[in-house]
Amino acid sequence: MLKYFFLFLSTTIQISAIGQDLIIKNINILTYENNFKPYLGHIEIDKGKITKVKEGHPKNEKAIKVIDGKNKYLIPGLIDSHNHINLVPGLSSEQEKKYPELVKNYRKQLPHSYLYHGFTTIVDLFTTDEDIIKSFKSNKKHPDLYTCGGAAAEYQGYPMIYFPESEKFKNVPNFINSHNRDEEEKHSPKNAIKGIIERNGIVVKTHYESGFSPNKKLPVPSEKNLKLLIKEAHKNNLPVLIHANSLESFQMAINVGADGFAHGLWRWQTKSENDKIPLAVKNVLDQVILNKMAYQPTTQVMKGLVSLFDSNYLNDPLLEKVIPKNLIQFYKSNDGKWFENEITSESNLADMEKVYNNGIQSLSYINKNNGFLIFGSDTPSAPIYSNPPGLNGYYEIQNWIKAGVSHKRLLEALTINNAKFLRLQNKIGSIQEGKIANLVLLNKNPLEEIEAYNDIDSIILHGEIHKREIFEMNNKS
Ligand SMILES: [Zn+2]
């Protein structure tokens, strides 16, 4: 109660027939335009757009709502460029069918979980399921959602192989076929791009992944087809993001001229000595930096797996803010531990930790040498409960800081770099007149404290301001 009393004190509301929809005054503004140096100013918002950003006080306060942002920080709405909204963390596809109630509750909360953690734009890098997309957008308040319009993945390669025969064409309609001549024409890279555009994709996602056990020798796209795909994508002003995480796949992506990597380089395929990055890895990362390719570390892919071994993980108090209580209870049940039971028998914790640490070291190297970082959490990267929506982004943020990324470069990756990579910089990614008013109001300075990202006062979504609390999972009901 006391908390709300103070909130009330610091908020002034004025009603006016004319003027702007919203003014935030006395606010520390952090944005790309000012090289992320905070300055005290004000912002005016009307009809969902930023109409003015300026130092000092507003000339007048004619607005429906005026907020005093004293001691608070305003940053652009965060962008997470790697998500999979079709998957429910922790549920297998059989379990999704078996427990429709769990799925329903999760989907209802999903958009709010992202907003709760300040993500006002997310990109899905796989789904073509119109019902899933509609369900996400049917929530009155949801982050702006973009997709890749379906993956341009190799026929019967990763990830197409994981779908049952009856579902694979529906799930991967834009597949390319590099190894079967008869089919090649029909499923050419050109047709894949056509399909992506038809499905309103804003980025091309392709995969170079020969697989992991038990499917280790999966077909991958040919170099020729990857080049054709990229050429066709660029003709249509679409960036190409390639799923790669090994030396071999990174080298291929460099050779064919992809725009970015949907993962970090963590499969080193070579022994490291004295905890140093092996020369072969360094050489590849140097090319990534030299070619200014976008690097999306997705450290939570491996960290999420490692977290499954932490018996205390499910008691993280942040989890119940984004995941329905009955789903957390399911995670704690025997049935809910199916995935970890599978991987514990097949691999082991030390290996996963090693691979995670490789990823952190690669990120650290890219960062030190001024590589172009884009932020994506890969939520969820596997059907694991340790990649919860929104919160997984906050975990990812913390991993970057542990890797030595500066607070400024992190904020850059979360906002302007993602916007630039996705060709959305005219709409979002910074606090600039004319852009969509997607913003986050923080109680702390994110350039000083990483906890600022979990100390959000409000989220501004297309000009409408919402207290963070309204997006919290209501665990009492
Ligand atoms: Zn992914």
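For ligands, and for the atoms within them, numbers begin at 1 and follow the listed sequence. Residue numbers run from 1 in the order of the sequence given. Computed from heavy atoms alone, side chains included, the values below leave out hydrogens, waters and symmetry copies.
Listed by chain and residue number, nothing satisfies the ring pair (Phe, Tyr, Trp, His ring centres under 6.0 Å) test with Y32 (two or more places apart in sequence, or in another chain). Partners of F250 under the ring pair (Phe, Tyr, Trp, His ring centres under 6.0 Å) rule, at least two apart in sequence or in another chain, are F261. Listed by chain and residue number, S188, E232 satisfy the side chain to side chain contact (heavy atoms under 4.5 Å, CB included) test with K190 (two or more places apart in sequence, or in another chain).
At most 12 heavy atoms of other shown residues, nucleotides or ligands fall within 6.0 angstrom of atom NZ in K194.
Aromatic ring centres of F126 and F163: separated by under 6.0 Å.
Of all protein N/O/S atoms, those under 2.8 Å from the Zn ion (ligand 1) are H82 NE2, H84 NE2, D378 OD1, and waters are not counted.
A 4.5 Å side-chain heavy-atom check between P324 and M473 finds at least one atom pair inside the cut-off.
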